[in-house]
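Just so you know, ligand 1 is whichever comes first in the structure, and atom 1 is the first atom listed for that ligand.
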Amino acid sequence: MGEANWFDDDIERIVVTEQQIHDKIEELAKQVAADYAGVDSLLLVGVLKGAVMFMADFSRALGRLARPAELEFMAVSSYGQRATSSGVVRILKDLDRDIAGRHVIVVEDIVDSGLTLSWLLRYLDSRSAASVEVVALLRKPDAIKVDVPVKYVGFDIPNEFVVGYGLDFGERYREMPYIGVLRPSVYSRT
Ligand code: IMP
């Protein structure tokens with residue numbers, strides 16, 4: 001704490017604080033650890049780049065609860081407009097290993113329209129995982145276009161564009177430790 005950060009002035013309103021993120025991750029990890037108590041090793045699939053912070057903190061929280069996990073990453077890109085998702089997904093980076101027979105948890109930053117996730121779940125199913133569930137730090141219930149089963153949700157937030165903790169606007173703000181809404185002046189600057 002103390003010194004102001006370069007990004008603080010660009011933020012109109014904080015939506016989820018650093019402390020709230022921390023506490024929620026502990027809570028989610030406890031739920032997952034309890035639900036998968038009988039599973040030898042979980043396979044966490046993080047979706048780059050947005051989920052990178054969440055993946056790092058969530059996997060460490062699981063580790064402290066003595067639940068071993070392997071970490072995999074995928075990168076996907078949806079065609080269409082910048083801040084909205086068209087549901088047409090292109091794989092930029094595929095899984096490095098076979099997930100057949102594995103218990104998979106997709107680690108997502110945010111479920112907005114749900115289109116990316118819905119595509120991803122179909123894709124993982126087609127690779128014969130033993131089970132596939134989703135943990136998402138954020139969800140915008142008012143933006144959902146397709147019904148996707150998200151078993152573990154951190155926070156339901158209003159339908160507005162947020163940045164921080166992995167989420168970007170034009171590749172900026174990912175390193176912010178909290179989640180917030182940008183001032184309108186930031187958009188007119190670009
Ligand atoms: P969806 O397919 O609409 O559910 O969202 C796909 C992706 O868009 C998410 O995984 C995020 O990376 C990105 N996204 C959605 N909403 C936001 C936001 O409010 N801020 C930053 N990125 C977002």
Side-chain angles (χ1 to χ4, degrees), residues 5-8 10-18 20-21 24-25 28 44-59 71-95 104-125 132-190:
N5 294 299
W6 71 265
F7 41 74
D8 287 336
D10 288 358
I11 301 301
E12 182 170 80
R13 187 162 30 85
I14 296 177
V15 178
V16 189
T17 66
E18 194 173 353
Q20 285 173 319
I21 294 173
K24 186 61 79 176
I25 289 177
L28 291 169
L44 304 180
V45 176
V47 187
L48 295 172
K49 300 176 192 170
V52 73
M53 306 292 173
F54 183 37
M55 180 73 149
D57 288 341
F58 179 73
S59 59
L71 277 58
E72 279 287 315
F73 290 93
M74 282 186 75
V76 296
S77 122
S78 45
Y79 293 99
Q81 282 179 301
R82 164 74 196 70
T84 57
S85 181
S86 58
V88 183
V89 173
R90 188 163 53 115
I91 297 179
L92 302 177
K93 186 210 167 298
D94 205 344
L95 297 165
V104 173
I105 299 188
V106 178
V107 179
E108 259 284 28
D109 48 359
I110 188 165
V111 183
D112 187 0
S113 67
L115 291 165
T116 308
L117 194 55
S118 146
W119 178 91
L120 196 61
L121 291 179
R122 280 199 305 276
Y123 177 73
L124 295 174
D125 268 345
V132 182
E133 297 290 354
V134 180
V135 56
L137 184 64
L138 304 170
R139 179 173 62 182
K140 295 180 186 168
D142 297 337
I144 298 283
K145 285 189 189 149
V146 282
D147 198 24
V148 270
V150 183
K151 188 160 181 189
Y152 308 98
V153 180
F155 303 92
D156 277 327
I157 62 166
N159 188 7
E160 53 192 350
F161 193 79
V162 290
V163 295
Y165 198 70
L167 293 168
D168 74 310
F169 172 63
E171 293 301 327
R172 286 160 64 89
Y173 305 103
R174 291 194 199 273
E175 75 273 41
M176 262 173 48
Y178 59 89
I179 291 159
V181 174
L182 289 169
R183 285 186 201 287
S185 57
V186 173
Y187 297 102
S188 50
R189 225 161 51 197
T190 55

Participant: How far apart are the closest heavy atoms of M74 and L120, and which atoms are they?
Facilitator: SD-CD1, 3.7 Å

Participant: Using the side-chain contact (heavy atoms from CB on, under 4.5 Å) definition, which of the options I21, V153, V16 pairs with L138?
Facilitator: V16

Participant: Applying the salt bridge (charged side-chain N to carboxylate O under 4.0 Å, His left out) test to R139, which of D112, D156, D109 qualifies?
Facilitator: D156

Participant: Only heavy atoms of L167, strictly under 4.0 Å: list the atoms of ligand 1 that pass.
Facilitator: 21 (C), 22 (N)

Participant: Is the CG atom of D147 crowded by more than 12 outside heavy atoms at less than 6.0 Å?
Facilitator: no

Participant: Heavy-atom contacts with G114 under 4.0 Å: which atoms of ligand 1 show up? List them by number with element.
Facilitator: 1 (P), 3 (O), 4 (O)

Participant: Which of the atoms in ligand 1, numbered in the order shown and given with their element, are less than 4.0 Å from a heavy-atom of S113?
Facilitator: 1 (P), 2 (O), 3 (O), 4 (O)

Participant: What residues, two or more places apart in sequence or in another chain, satisfy salt bridge (charged side-chain N to carboxylate O under 4.0 Å, His left out) together with E160?
Facilitator: R13

Participant: Indicate, as side chain, backbone, both or neither, the part of I110 found under 4.0 angstrom from ligand 1 when only non-hydrogen atoms are considered.
Facilitator: both

Participant: If we only consider heavy atoms of K49, is any one of them less than 4.0 Å away from an atom in ligand 1?
Facilitator: no

Participant: Taking N or O atoms only and a 3.5 Å limit, does V162 qualify as a polar contact for ligand 1?
Facilitator: yes

Participant: Is there a donor-acceptor contact under 3.5 Å from the side chain of D8 to the main chain of N5?
Facilitator: yes

Participant: Any heavy atom of D168 sitting closer than 4.0 Å to ligand 1?
Facilitator: yes

Participant: So, 4.0 Å and heavy atoms of V163: is ligand 1 close enough to count as a contact?
Facilitator: no

Participant: Mark the output for G50 as yes if a heavy-atom distance to ligand 1 is under 4.0 Å, and as no if none is.
Facilitator: no

Participant: Please list all pairs meeting side-chain hydrogen bond (donor to acceptor under 3.5 Å, both in side chains) that have one or both residues in residues 47-57, counting only residues at least two apart or in different chains.
Facilitator: K49-E171, D57-R60, D57-Y165

Participant: Considering the heavy atoms of K140, write down every atom of ligand 1 situated less than 4.0 Å from one of them.
Facilitator: 16 (N), 17 (C), 18 (C), 19 (O)

Participant: Give a yes/no verdict on whether any heavy atom in L117 is under 4.0 Å from an atom of ligand 1.
Facilitator: no

Participant: So, K24 side chain and L137 main chain: donor-acceptor pair closer than 3.5 Å or not?
Facilitator: no

